[in-house]
4 protein chains.
Amino acid sequence: MFKVALFGVGRIGVLHGRALAAHRAFDLQYIVDPRKEAAEAFAAEVRATAVSADEALSDPQLDAVVIASSTDTHLDLCIAAAAAGKAIWCEKPLDLDLQRLRQNRSALEPARNRLLMGFQRRFDPHFRALRHRLAAGEIGTLESMHVISHDPAPPPVDYIKVSGGLFKDMAIHDFDMARWMLGEPVADVFAMAANLVDPAIGAAGDVDTAKILLRTPSGRVCLISNTRRSGYGYDQRVELYGAKGRLAAGNQHETTVERWGAEGASTDRFENFFLTRYQAAYAAEVDHFADVIAGRAAPLVGLDDAEAALVLAVAADESVASGRPVRL
Amino acid sequence: MFKVALFGVGRIGVLHGRALAAHRAFDLQYIVDPRKEAAEAFAAEVRATAVSADEALSDPQLDAVVIASSTDTHLDLCIAAAAAGKAIWCEKPLDLDLQRLRQNRSALEPARNRLLMGFQRRFDPHFRALRHRLAAGEIGTLESMHVISHDPAPPPVDYIKVSGGLFKDMAIHDFDMARWMLGEPVADVFAMAANLVDPAIGAAGDVDTAKILLRTPSGRVCLISNTRRSGYGYDQRVELYGAKGRLAAGNQHETTVERWGAEGASTDRFENFFLTRYQAAYAAEVDHFADVIAGRAAPLVGLDDAEAALVLAVAADESVASGRPVRL
Amino acid sequence: MFKVALFGVGRIGVLHGRALAAHRAFDLQYIVDPRKEAAEAFAAEVRATAVSADEALSDPQLDAVVIASSTDTHLDLCIAAAAAGKAIWCEKPLDLDLQRLRQNRSALEPARNRLLMGFQRRFDPHFRALRHRLAAGEIGTLESMHVISHDPAPPPVDYIKVSGGLFKDMAIHDFDMARWMLGEPVADVFAMAANLVDPAIGAAGDVDTAKILLRTPSGRVCLISNTRRSGYGYDQRVELYGAKGRLAAGNQHETTVERWGAEGASTDRFENFFLTRYQAAYAAEVDHFADVIAGRAAPLVGLDDAEAALVLAVAADESVASGRPVRL
Amino acid sequence: MFKVALFGVGRIGVLHGRALAAHRAFDLQYIVDPRKEAAEAFAAEVRATAVSADEALSDPQLDAVVIASSTDTHLDLCIAAAAAGKAIWCEKPLDLDLQRLRQNRSALEPARNRLLMGFQRRFDPHFRALRHRLAAGEIGTLESMHVISHDPAPPPVDYIKVSGGLFKDMAIHDFDMARWMLGEPVADVFAMAANLVDPAIGAAGDVDTAKILLRTPSGRVCLISNTRRSGYGYDQRVELYGAKGRLAAGNQHETTVERWGAEGASTDRFENFFLTRYQAAYAAEVDHFADVIAGRAAPLVGLDDAEAALVLAVAADESVASGRPVRL
């Protein structure tokens with residue numbers, strides 16, 4: 001069993017913490033959070049100990065850290081954990097500042113093979129099956145793709161203000177998805193964006209609706225469609241168009257129940273909460289982290305992916321600002 | 001072009017009449033209906049002449065008749081048309097009285113190869129494709145099947161009273177469908193029926209809801225599910241279960257439009273009118289009748305099918321009356 | 001935490017054992033299985049102790065038992081556990097012999113409110129939602145229903161021989177489902193059955209394909225369709241037809257991935273393994289058992305349900321034998 | 001009945017000619033095509049007379065013309081027909097040269113209320129229902145939309161060479177669709193395009209794959225996705241995203257037949273031929289043209305729409321050439 005420390009007991013930290021506590025491969029020892037009471041309450045729940053970051057990282061028995069603290073702490077914690085020789089599972093993003101990330105990459109290089117970035121969609125069984133079947137040649141050569149990524153409802157504006165904006169906060173998952181499927185680096189980025197959902201988001205200097213086009217050197221084009229508010233739950237679809245057809249992963253409904261009435265047929269609600277939508281993905285991610293620590297697997301998504309997705313987000317921001325495509 | 005007379009200008013007669021008038025293979029010459037004004041009005045619309053049955057049948061140039069008059073006239077008109085050497089397309093049922101039908105079969109035998117029974121579902125492209133793919137072995141040997149046949153809403157009770165009852169009037173189509181798919185004669189019939197939809201139907205001595213089981217000698221079982229009122233439009237599905245899987249023909253919606261909202265996904269309405277639902281079937285049936293008259297095709301559904309479906313309806317009535325299965 | 005003993009470490013016993021071991025409300029203490037090595041191996045895995053049935057039941061600290069042993073031991077173990085005052089979760093069936101079950105009911109009566117029968121489909125979120133929406137009046141009064149229950153592939157014939165036959169072994173789940181939805185007792189049972197899938201099943205005296213009709217006093221009819229081999233995975237659907245429409249729970253696919261090609265659109269495989277198909281149901285069942293032990297809930301499915309489902313299975317057997325409907 | 005002349009007996013001309021010949025509101029009198037034999041053969045089929053364009057237009061009894069001749073003749077024929085006072089139904093495009101079209105608009109202005117442009121998708125019942133439900137407010141304010149428009153297979157390269165290119169030939173329908181739904185003029189156009197399907201198309205100077213973004217002043221963005229080869233039939237979908245949800249019109253299958261097997265569920269083929277896919281649209285278009293001639297309706301799609309769609313196609317060409325968005 002690997003001894004592990006959890007940084008951050010917000011929503012996603014609690015999710016990971018409970019999974020680690022129940023997992024056979026892990027021994028969740030430390031809980032770290034500047035909010036003392038929260039840290040201690042959660043430590044009690046999972047039978048761990050609330051400590052400071054230094055205390056956790058200085059334990060030579062500790063194998064790994066899970067970083068689910070606030071975004072602005074991610075990079076420093078990763079650097080410290082890397083220096084201490086710990087395996088790292090860090091929630092996205094690694095950092096919101098591309099310059100800063102690049103300046104600090106050398107400090108993270110030693111951890112490259114033991115640093116897992118929390119792009120959980122790569123572990124979703126639906127998207128994994130999609131990727132596998134694309135690679136198996138089911139639709140021949142990929143020619144274009146669509147990533148529809150519409151959230152159920154916008155987050156509070158206070159979150160928007162510190163989020164880094166639509167592209168770094170939300171589309172970052174979709175940039176990673178696009179990179180995973182495209183099989184080629186992205187050469188050109190163009191984005192159109194607007195503030196249509198909530199004027200408060202615009203007042204905070206952000207957009208809430210966007211269409212992004214990515215192009216690879218061979219001419220493959222990927223559309224990413226984002227909105228902060230779908231009005232109907234999680235809409236997270238990926239459509240791949242190839243020489244021999246189309247492969248797509250669709251949305252999930254809460255149950256299979258269907259009603260037929262005078263107005264037609266209607267399904268049950270769409271999944272409306274990301275923790276439920278990505279439940280299987282999070283579980284698979286924990287398993288994979290155990291494999292990474294054990295050296296049985298290289299991280300499926302890591303340092304280079306974190307930087308590359310951020311590069312695309314920055315380019316999308318630039319494209320919106322200039323009104324022109326950005327060549328990478 | 002074949003010269004043809006139409007008997008009956010009710011809803012289905014008008015449908016057939018317009019199709020015949022627009023069809024290249026037909027010259028619709030005579031309209032026959034005891035309701036003079038209706039006959040003449042429709043004759044004017046399609047540029048035909050309103051005449052009596054005798055006048056029509058005694059024209060030696062007349063090739064064929066289409067019988068869409070009231071049920072109680074079908075058998076006599078068929079006999080007269082057969083005697084006059086005309087090709088016949090007769091709406092179902094040939095007759096409601098099995099004894100009477102059998103007593104008069106000899107008079108119809110000469111027309112056997114030129115008598116088409118109006119079980120239009122055999123011409124529906126969906127059910128035809130289903131039958132074709134079953135025959136092509138896509139699911140191996142057929143083991144059981146379900147025919148779901150739910151009407152949108154019950155007809156007026158005045159119609160119920162002269163309809164012959166649920167089995168002879170409505171399930172008769174499903175008996176024919178079952179016979180078409182089963183590939184074996186039916187040996188046993190069991191039915192459970194009730195009056196659940198409209199008390200007036202019960203007061204008229206009929207049922208409005210039924211489940212029927214048919215069994216063939218080899219053990220294949222077919223379920224027929226009937227109700228006079230689905231509450232959601234035409235529900236006319238056929239499901240075939242074989243050694244290698246399932247083949248099914250489903251329902252049709254008015255359009256492909258779909259809405260996604262907080263309550264889930266919802267389709268457009270189901271087709272709600274049999275003339276719309278079976279539009280393609282009726283068109284194909286007219287084409288087939290031209291082939292039958294020309295001698296290019298034997299009737300896809302004919303005299304034996306009319307009798308066999310009626311036998312099953314009578315057996316279902318007996319089963320409900322006795323509470324026991326009926327062996328044929 | 002409730003101290004619990006597990007009887008039987010076959011496939012379903014291991015499933016329940018692991019769930020109990022990981023569950024916060026349970027402390028899995030004892031593993032009982034006549035196959036010593038298997039018992040000890042599983043006890044080691046879940047950090048429990050392998051003991052005899054007597055040892056387990058004589059521990060006054062033990063709160064509850066989970067009975068997943070071979071069918072012929074269920075009733076005796078339930079009686080012993082009831083006598084020892086333990087809460088009981090017993091896999092179906094309670095017994096295959098209706099007479100024997102009735103003779104021993106008095107011994108089980110004291111455990112009535114603490115005896116949960118393992119009809120796991122009642123805990124399936126899809127069927128629960130269906131039941132809830134029926135009860136909420138979404139389709140008005142229920143008029144008829146269909147339970148399609150087709151297994152992916154037949155079990156080994158050795159299992160068939162001790163299974164009690166198709167109705168007691170497989171359709172028993174569907175009888176319980178029908179009872180749960182119908183809202184009225186069943187008055188009449190009629191079944192047609194055949195040996196179409198595997199001649200070895202017929203040689204063992206059993207059938208593998210059946211259609212069953214159940215009727216309630218008010219005239220509601222339920223169809224149950226069974227086959228031991230669908231050819232396409234688990235087909236477990238429930239369709240409810242009411243005065244205002246239709247409600248149905250459908251099948252589950254392994255992923256949402258869909259392919260469009262020259263042959264049309266195709267989904268991913270259907271769920272093909274009952275432990276996967278009913279994963280959420282089993283998890284909910286464990287939670288419910290904790291509530292039952294704690295006295296927070298009466299068993300959602302219990303002693304009366306076990307007997308009533310067996311009554312229907314016996315009637316179906318009689319109907320096949322006599323060729324006639326059976327009145328209860 | 002309106003006397004009408006048909007110009008052009010290619011595939012679409014023959015389709016319209018047969019519909020006009022069978023339609024109660026029309027008397028198809030003249031067939032005009034420089035290929036004499038083809039004109040005479042079709043004239044014989046529909047009982048019309050093959051004449052020259054001048055002969056047709058100089059008949060004062062002639063009410064209307066249907067122009068389905070080669071693209072390069074459309075504008076001149078429209079001008080001549082307008083000068084002769086005839087109602088006009090002209091297949092798209094009015095012309096491939098925007099300058100030329102603008103220079104000649106004054107000659108067409110007098111026919112404005114009697115000139116119907118053949119964007120048949122506006123008459124498709126599915127897209128009409130979509131438009132109607134958007135206008136009815138079912139998803140609140142439109143925020144973005146996707147038009148997926150993938151043809152089954154590329155046309156011959158000889159056609160590509162005279163087609164005007166992907167945007168003027170194929171996307172022109174999608175530009176019209178976008179304009180119809182957006183409810184605002186398009187302000188910005190950006191396109192990425194490539195030659196991925198067939199090198200011969202690239203050798204002919206054209207592209208075969210494109211993603212186009214259109215933006216309106218209020219910030220609504222429309223994606224158009226085009227490929228000359230889907231590999232799975234007609235893929236013509238429109239997805240509307242609004243403040244309260246999503247409305248979409250989907251693809252059509254040849255039948256409702258579905259197969260369930262070990263690999264999952266599979267539908268029948270997608271419609272693979274535009275004349276079949278848009279059969280209902282073409283029929284509705286003929287009806288509408290009768291209403292236009294009779295003065296009962298203004299053209300649903302006319303002169304301004306022809307020019308506006310061409311403006312967008314030209315802008316898309318410019319965007320691909322410059323690599324930048326084009327502001328209109």
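A, B, ... follow the sequence lines: proteins, then strands. Residue 1 opens every chain.
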Engaged part of Ala193(A) at the chain D interface, taking heavy atoms whose separation is under 4.5 Å
backbone
Top of Pro325(A), Gly219(A), Gly231(A), Ala194(A) for chain D proximity - count of heavy-atom pairs under 4.5 angstrom:
Pro325(A)
Checking Asn251(A) against Tyr232(A): is there a side-chain donor and acceptor pair closer than 3.5 Å?
no
Ring geometry between His146(D) and His146(A) (parallel below 30°, tilted from 30 to 60°, perpendicular above 60°)
perpendicular
Report which part of Leu213(D) has an atom under 4.5 Å of a heavy atom belonging to chain A: side chain, backbone, both, or neither.
both
Please rank Arg220(D), Lys244(D), Arg246(D) by heavy-atom pairs under 4.5 Å with chain A and give me the top one.
Arg246(D)
Most contact-rich option vs chain D, by heavy-atom pairs under 4.5 angstrom, among Val221(A), Thr209(A), Thr141(A), is Val221(A)
Taking the six-membered ring for Trp, are His173(D) and Phe119(D) parallel (under 30°), tilted (30 to 60°) or perpendicular (over 60°)?
perpendicular
For Lys211(A), which atoms come within 4.5 Å of any heavy atom of chain D: side chain, backbone, both, or neither?
both
Report which part of Leu196(A) has an atom under 4.5 Å of a heavy atom belonging to chain D: side chain, backbone, both, or neither.
both
Classify the ring geometry between Tyr278(A) and Tyr234(A) as parallel (under 30°), tilted (30 to 60°) or perpendicular (over 60°).
perpendicular
Residues which pass side-chain hydrogen bond (donor to acceptor under 3.5 Å, both in side chains) with Arg11(D), listed by chain and number, not counting sequence neighbours
none
We want to know whether His126(D) and Gln252(D) form a side-chain donor-acceptor pair, criterion being a heavy-atom distance below 3.5 angstrom.
yes
Does one side chain, of Thr227(D) or His150(D), offer a donor that lies under 3.5 Å from an acceptor on the other?
no
Contact part of Ser218(A) toward chain D, heavy-atom cut-off under 4.5 Å: side chain, backbone, both or neither?
backbone
Counting only heavy atoms closer than 4.5 Å, note whether Ile139(A) contacts chain D via side chain, backbone, both or neither.
neither
Per-residue contact mode, Asp188(A) against chain D (heavy atom under 4.5 angstrom)
both
